[in-house]
Amino acid sequence: MCLFGGVRYIDSPCPANVWRLDAGALPMISSMQINGIRLDCPFLHSLTSRILSRQSEIVSLVSSHIGAYQYSHPSHGLTPFSIGSRDHLSQLLFEHLQIQGHGPIEKTPTGKRYVVSEDSLAPFKCSHPIVPLIIEWHSIDKLRTTYTEPLPRLVDSDSRIHTHFNVTVAATGRLSSSSPNLQNIPIRTPLGREVRRAFIASPGCYLVSGDESQIEMRWAAHGSRDPIMIEVFNRGEDIHAKTACGVFGRDYNDVMSWDQNSEKFKRWKKEERAPSKNLGFGVLYGLTAEGLQRNILTESEGEIYWPVEKCQTFINQFFTMYPALRELMETQYRRARRYGMVWDAFGRVRLVPEAKSCHRKISNEGERKAGNHYEQSSAQGTVKLAMAQMSPVVEDIAKSYKCLSLLQIHDQLIFDVDKRIAEEFSMILQGELEHASPLVVPTLSSRDIAETWVDL
DNA sequence: CCACGTACACCC
DNA sequence: AAACGGGTGTACGTGG
């Protein structure tokens, strides 16, 4: 079976095939770097101002609570308290104020001080009024110093911002983006998401995006030929909902018949589907029972405690449900131990020499890297094929309309397209994403059209 | 002043 | 006993 540019599926290391695959995507990668994406700088400046005034407000609130407290430096004596310093926070909260909460007080791996990350402080939110303020200060400080302040400084004379896509950095063949990194623009929190409002289409254009849906899971289904996974995707069912039903003993069709707006359904989604979704990702990443426990603990802000045994059972049930997936992963572990390498569906090799180590900790690390390579690397292959297919389409449309390739964010492609042709373009894009590399299951993708990135 | 490691936070 | 895959950027602290 031959795909675009002579690329084929091959279950053995094949650098020549990978070379063809990567070469096909390069023209579009190059265009993306040259084109750049238009940035609304005044908007980012206003975000910066909002953040700065809230930060100074928080600093005065905190000072009013801690009075004359000063940080006691190990060698420099008393120094003014700085809210940005983790050392200062550790001493203030856990030594000076000695706050207590319903969670453990952890030390950093080096044992130098207590952990003051947002995750670790969450169980102490109610212990002292300054704790939530400190968490808020740090979260908005991140947005300001990483996004709202630096980005406007990097635009060209057309107000466009150009990233570098590195093609030889990620071991799985993914692209990485730097100077600036446009693959980690915030989306999770409402304020963070606002940063996306600054990425806008050219005049007379829309941003058009195409998104591979569940592409790593579909590759897992393809590579393992797991009958249940294949059935789920063939029927167009929700894989995470299906997992939840299998693990918690419910009937899929029964759950799906519930009113989606009912409290019952929302509770099921939160308590059973969400953990199952985490489980699905986690399993692909070589999840351990302890890792899952930690994940659930932090995600519930210390409210839900699952014993390790329960987590292990939860993981085992996942593999009981999808037995062929376990076999695929064990094949990868075996290859990693035996050959010190694994490969994806296109023959892209990932070296994991540490998997051969006789130290369990080291070899487990190697196996975890190996375990995810097939899915992540093959998924990236799919997107690169779609980029290769789209290149001439973009070139052709660009003869009559404005049409620019902008960004690749792992399973998503973003373009800047004349409004008159955006709808048609998005249909073509969706088609290419869905048919660039056919699997034993359908490869669905979504498409979207909007004025700004936040609305995509 | 610079270089580096650590801790943390953001993304898929 | 046990840190779940792949990335980049920032601030802080230390040491040259």
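Residue numbers start from 1 in every chain, and the chains themselves are labelled A, B, ... in the order their sequence lines are given, proteins ahead of strands. Quick caveat: nothing in here was measured; it's all calculated off a predicted structure.
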Pairs flagged by salt bridge (Lys or Arg N to Asp or Glu O under 4.0 Å) wherever residues 444-456 of chain A is involved - sequence neighbours left out: K419(A)-E451(A), E423(A)-R447(A)
Give me the residues of residues 307-331 of chain A where at least one heavy atom lies under 4.0 Å from an atom of DNA chain B, by number, or none. none
Quote, to the nearest angstrom, the C1' distance that separates dA3(C) from dA7(B). 14 Å
Touch class at under 4.0 angstrom, heavy-atom based, for R188(A) against every strand present: sugar-phosphate
If you assign A370(A) and R360(A) each to the DNA chain C nucleotide with the nearest heavy atom, which residue ends up on the more 5' nucleotide? R360(A)
Start with the C-alpha gap between E212(A) and R218(A), add the side-chain angles, then the distance that decides, and say whether salt bridge (charged side-chain N to carboxylate O under 4.0 Å, His left out) holds. CA-CA 10 Å; E212(A) 295 274 6; R218(A) 288 172 202 271; over 6 Å; no
Residues of residues 433-456 of chain A with a heavy atom under 4.0 Å from any atom of DNA chain C, listed by number, are none
side-chain hydrogen bond (donor to acceptor under 3.5 Å, both in side chains) between Q91(A) and D87(A), worked out: CA-CA 6 Å; Q91(A) 188 179 93; D87(A) 287 348; over 6 Å; no
When the ring planes of Y9(A) and W219(A) are compared, do they come out parallel, tilted or perpendicular, using 30° and 60° as the limits? perpendicular
Could you run through nucleotides 6-12 of chain C and give me one letter per nucleotide, 5' to 3': B if any protein heavy atom sits under 4.0 Å from the base, S if only the sugar-phosphate is that close, - if neither? BBBBSSS
Where along residues 33-50 of chain A does a heavy atom come under 4.0 Å from DNA chain B, residue by residue in number order? none
Base, sugar-phosphate alone, or nothing: which one does L284(A) contact when heavy atoms must sit under 4.0 Å apart? nothing
Is the shortest distance from a Lys or Arg side-chain nitrogen in D22(A) or K384(A) to a carboxylate oxygen in the other one below 4.0 Å? yes
Would you give the length of the straight line joining atom CG of L151(A) to atom CD1 of I185(A), rounded to the nearest 0.5 angstrom? 5.5 Å
With the side chain defined as heavy atoms from C-beta on, H73(A) is closest, among dC8(B), dA2(C), dT14(C), to dT14(C)
The helix from dC1(B)-dG16(C) to dC12(B)-dG5(C): angle between its terminal axes, five pairs each, to 10°? 10°
